[in-house]
Trainee: 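Dumping the structure here so I can ask a few things about it.
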Amino acid sequence: MMGTQMTNRTNTGTRLPAVAWLLMIAVMVGSSPASAELLIRITEGADSAIPVAVVPFAESGDMPSGDKISSIVQDDLTMTGEFRPLPAEKMLSLPSKGDEVYYRDWRLLGQRYVLVGQLTRKGDRIEARYELFDVNREERVMGATASSSVNSTRSLAHHISDRVYEAITGVPGAFSTKLAYVTLERAGGKPRYRLQVSDVDGKRARVRLESEEPILSPAWSPDAKKLAYVSFETGKPAIYIHELSSGDRTRVADYRGLNSAPAWSEDGRSLLVTLSKDGNAEIYKLDIESRSLKRLTNHWSIDTEPTWDHTGEGFFFTSDRSGGPQIYHKATEDAEPRRITFGSRYNARPRPDNDGKYVYYVHQRDKAFHIARTDLRTEEETVLTRTESDESPSLAPNGRMLIYATKQGGDSVLTVIAADGGAAYSLPASQGDVREPAWSPIAR
Amino acid sequence: MRGHERDVTSTGHPPWKSPVALSVLMHGLILGVALAGWSWSVPRDEPQPPSISARLVTQNEPEPSPVTEPTDQPDRDEERRQEEEERQRQEEAERRQAEEEERAREEARRIQQEKEREQQRQEEAAEREREEQRKAEEEAARQKAEAEARERERQKAEEEKRRQEEAARKAEEEKRRAEEQRRKEEAERKAREEEERLEAERKRRERERRLKEQQLEALADEAEQQREAEERQRKEAAAAKARESQMLSESQKYQALIRERLSQAWYPPSSATEEMTARLQITLLPTGELADVKLVSSSGNTAFDNSALGAVKSLNRYPIPDDRDTFERYFRQFTIEFNPRRLR
Amino acid sequence: MKLATQQKALALVFSLGLVAGCSSTGGTAEDGSDDSDVSAVDQEGGSTVYGGDDEDGVSSADMTEEERREAEARAERAEEEAMREITTFYFDFDTAEIKSEAREVLVAHARYLQANPDQDVRIEGHADERGTKEYNLALGERRANAVERFLVVNGASRSQTETISYGEEKPAVDGSDESAWAQNRRVELVFQ
């Protein structure tokens, strides 16, 4: 009797809390769907490039021979490393206007965007009407017409690439810009240095200067109309400015010793240059009009490879004042230099982006030379290339691509990578020994 | 019932309490009077010696007080000098030759007189001083005698007090012994009473217990029924809880699947930054197909928003749980947030 | 080809040096009347002045002082001429430090320039292909400047010297291995 009473009592003792607990759960469960809807956070995107279908453009009238416009656009998009175009033979249909696009078909093919277009010959011009569709949103992202002369359909293609790229990514395309670079041919004993300018895909290359003596450091003026470079044509290095449209050349620096590493100011009126006329390599600002010089560094070490930062007030440069070459930055012409790179004993030839976020440079790791970048805010360094004799990084004006020179089978070749280290794209090997690439600004 | 009442009256406290209280009160009073007597007499005796010594110190002072004479002397000198000058001026008019001599004699006489007066004055002061000394001595002797008399009186009073106290203590002792005796008797009585009370209490409890047992037995069936009902409720609630947690874990599984599918389907544009966030509200059909999507919070970048919308719309069928309740609760409508943490 | 002659020259210098080591240095100390050129060499190389002398060591005792001096000078000239065959000097990666084995030869060049004020020399600095072109241009200049300073300190006149850096543009040897790089990190003297 007592026993049962006791157990009964303990039971009733725990009963209340148990009820309360259940009640709490009921309240919790009951209220949760009402108060806070389920939230799923997506913090990572696909590692692969965006699938995009560039449908061969329909043509009416005589078309010039050579590469098709749509295939040039396709190659442009591929070069960025951000897109993965669908081969034409895999397409289920070849629409050329909006009402022919069946989203379902392209969805089945896993495509995100479809570019269609038609080309029409109009006298000595080619007109392109093109439209871009978002397959999943089932929406026309953009549509436009553009035309060019029959002889410059490549320009037309690059223009379309620029528009398509910007519509998808929100960043201006850089496909209509130019590359300057130097080739070297040694056949027949005497070396032939050639300064050339081409499209960003390496096509339509034109020789602008040829010499038996070295040509170095081509640098684009901000309006993309002039090049400054170093030429040894007189037997010693001097800095020249070369007007591309006319071919006119001016020797702007020819001092005793070094005259090297020209870099344009944003207003195009002055150059940063490296001169050793006062004893050793120092950085000067050269006023192009008056030829007056202002010395910006003063150190017994090598100071060279200057380049203005995105503000146009300060500049980056290479100095071996710490023992080996490292990147330094001066916030103003007269500020104290601040060392930027610490990751290894050799970091040189800085190239900053346009918004002050990163600086790119040549970086030695173990025995190899790579292209690396440092995040100027976090000071985090990332090695961007897997190739091993890398030189001369040059950033596309939209900051999304980077071209550099590297070795391939003994010859120097140019390679384009996504500026964040994504997919690499080698320019056609027909270029031979190519070095010193310089990516032009977007022409204004 | 009757016994119970008697128990209550037998343990009546007033008769047991009052003698103790009385005796305590009495003792307290006696003790209080004795202590008060003590503490009262002590402070009255002691303050005297300091007041005597203080007075002695002040009596020594009045000695050097002949301040009045120096103020008299110059007045009289002046009078005399004026008379002298008057006379001299008269004599000068008549006879100048003897003037010097006379004045010198006069001066000498004056000095002599002055000396005499000074001496007299000093004698008088000394006399006064002696008089005062004598008076002070007399006063001291008188005071000493007084003090001695007082001291004798005090000692006598003390003696008297001690005697009285002794007597009081003895009376106290007597009283205490009597009290102790009384207490002892009282305690014995109390113990007896307590024993009786406890016995009664035990009996009462026994009766109560028996009563309660009967009541509980009577309630047993009812309690059993209630317990069973509660058990049923508890089981039902547990089942609901289990179902709830099953739904929750089920939902989490499908959340992860959706997250994975969307991550694979999302191509953040080149312009994306880690600061950009787009929120989309998703409505699904029970088949897992997308019924509706709304951009509820834009990233501020069209390309970014479009990439999120494209990703959400690119899934033909969302992975959703088979269980309809789980679907309704979690996946009928939910929100997806796109915010790149690790850009390529 | 070029390398072969240089190696031959180096071998010659070495053998002369070894033979000279047998003769006493005390002989040099006696020649207090010698001109400063000689003493400069002595300081540098630890006395290789007696050179060919030793070939007829026994008869040397019979020579007159005049004859002995003439022989010495002759030997010296021959040795220096042999040393001056060497016109390329090598450097370690990213340094412009003149190696100890180059110093003696450069002293010979300096003496020759001092003795022939009309002779000019072009000092060409080079770097290997590693690293950046502009930095290498500066590095090549630093090497050329180091050699120029050494020549001037040892007797050449600054008016006779001219420096130029080609950086990594004119490698002596093609190739991308350690041996090619070692031969390309250099300063060349070009007498005009």
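Keep in mind that this is a model prediction, so the values were computed, not measured. Just so we're on the same page: letters track the sequence lines, and every chain starts at 1.
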Trainee: Might you confirm whether atom CD of A/Glu380 has over 12 heavy atoms from other residues, nucleotides or ligands at distances under 6.0 Å?
Mentor: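 Incorrect, the count does not exceed 12.
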
Trainee: How close do B/Pro268 and A/Ala46 get, heavy atom to heavy atom, and via which atoms?
Mentor: CD-N, 4.4 Å

Trainee: Looking at every non-hydrogen atom in both residues, tell me the closest pair between B/Ile336 and A/Ile42 and how far apart they are.
Mentor: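 Closest pair (atom of B/Ile336, atom of A/Ile42, distance): CG2-CG1, 3.6 Å.
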
Trainee: Using side-chain contact (heavy atoms from CB on, under 4.5 Å) as the criterion, point out the one residue from A/Leu38, A/Ile40, A/Leu39 that pairs with B/Thr335.
Mentor: A/Leu39

Trainee: Shorter than 4.5 Å, heavy atoms on both sides: which option in B/Ser307, B/Ala311, B/Ser270, B/Gly310 has the most such pairs with chain A?
Mentor: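 When all of B/Ser307, B/Ala311, B/Ser270, B/Gly310 are compared, B/Ser270 has the most.
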
Trainee: Which one wins on heavy-atom pair count under 4.5 Å against chain A: B/Ile282, B/Asn306, B/Thr277?
Mentor: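 The residue among B/Ile282, B/Asn306, B/Thr277 with the greatest pair count is B/Asn306.
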
Trainee: Side chains of A/Arg84 and B/Tyr267: does their closest heavy-atom pair fall under 4.5 Å?
Mentor: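 Yes; the side chains approach each other to less than 4.5 Å.
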
Trainee: Please determine whether the number of non-hydrogen atoms from other residues, nucleotides or ligands lying under 6.0 Å from atom CD of B/Glu228 exceeds 12.
Mentor: yes

Trainee: Please flag which part of B/Leu315 lies under 4.5 Å from any non-hydrogen atom of chain A: side chain, backbone, both or neither.
Mentor: backbone

Trainee: With a strict 4.5 Å heavy-atom criterion, list every residue of residues 161-172 of chain A that contacts chain B, or say none.
Mentor: A/Tyr165, A/Ile168, A/Thr169, A/Gly170, A/Val171

Trainee: Is there a side-chain contact between A/Arg112 and B/Ser314 (heavy atoms, below 4.5 Å)?
Mentor: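 Of all side-chain heavy-atom pairs linking B/Ser314 with A/Arg112, at least one is under 4.5 Å.
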
Trainee: So if I take each residue of residues 292-303 of chain B and look for any heavy atom under 4.5 Å from a heavy atom in chain A, which residues do I end up with?
Mentor: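 If one takes a 4.5 Å heavy-atom cut-off, the residues of residues 292-303 of chain B near chain A are B/Ala303.
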
Trainee: Could you pull out all residues at least two apart from A/Arg104 that satisfy salt bridge (charged side-chain N to carboxylate O under 4.0 Å, His left out)?
Mentor: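 With neighbours one apart ignored, the set is empty.
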
Trainee: State whether a side-chain donor-acceptor pair under 3.5 Å links A/Arg41 with B/Asn339.
Mentor: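 The criterion, which ignores hydrogens and geometry beyond distance, is not satisfied for B/Asn339 and A/Arg41.
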
Trainee: So what's closer than 4.5 Å to chain A heavy atoms on B/Phe331: side chain, backbone, both or neither?
Mentor: side chain

Trainee: Count the heavy-atom pairs under 4.5 Å between each of A/Asn136, A/Val135, A/Thr382 and chain B, then report the option with the highest count.
Mentor: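 Most pairs with chain B among the choices: A/Asn136.
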
Trainee: Heavy-atom cut-off 4.5 Å, strictly under: side chain, backbone, both or neither for B/Ala308 against chain A?
Mentor: neither

Trainee: In terms of heavy-atom contacts, does CD of B/Glu206 have more than 12 from other residues, nucleotides or ligands at under 6.0 Å?
Mentor: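 Yes, the 6.0 Å shell around CD holds more than 12 heavy atoms from other groups.
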
Trainee: Which of residues 253-265 of chain B get closer than 4.5 angstrom to chain A, counting heavy atoms alone?
Mentor: B/Gln255, B/Ile258, B/Arg259, B/Leu262, B/Ser263, B/Gln264, B/Ala265

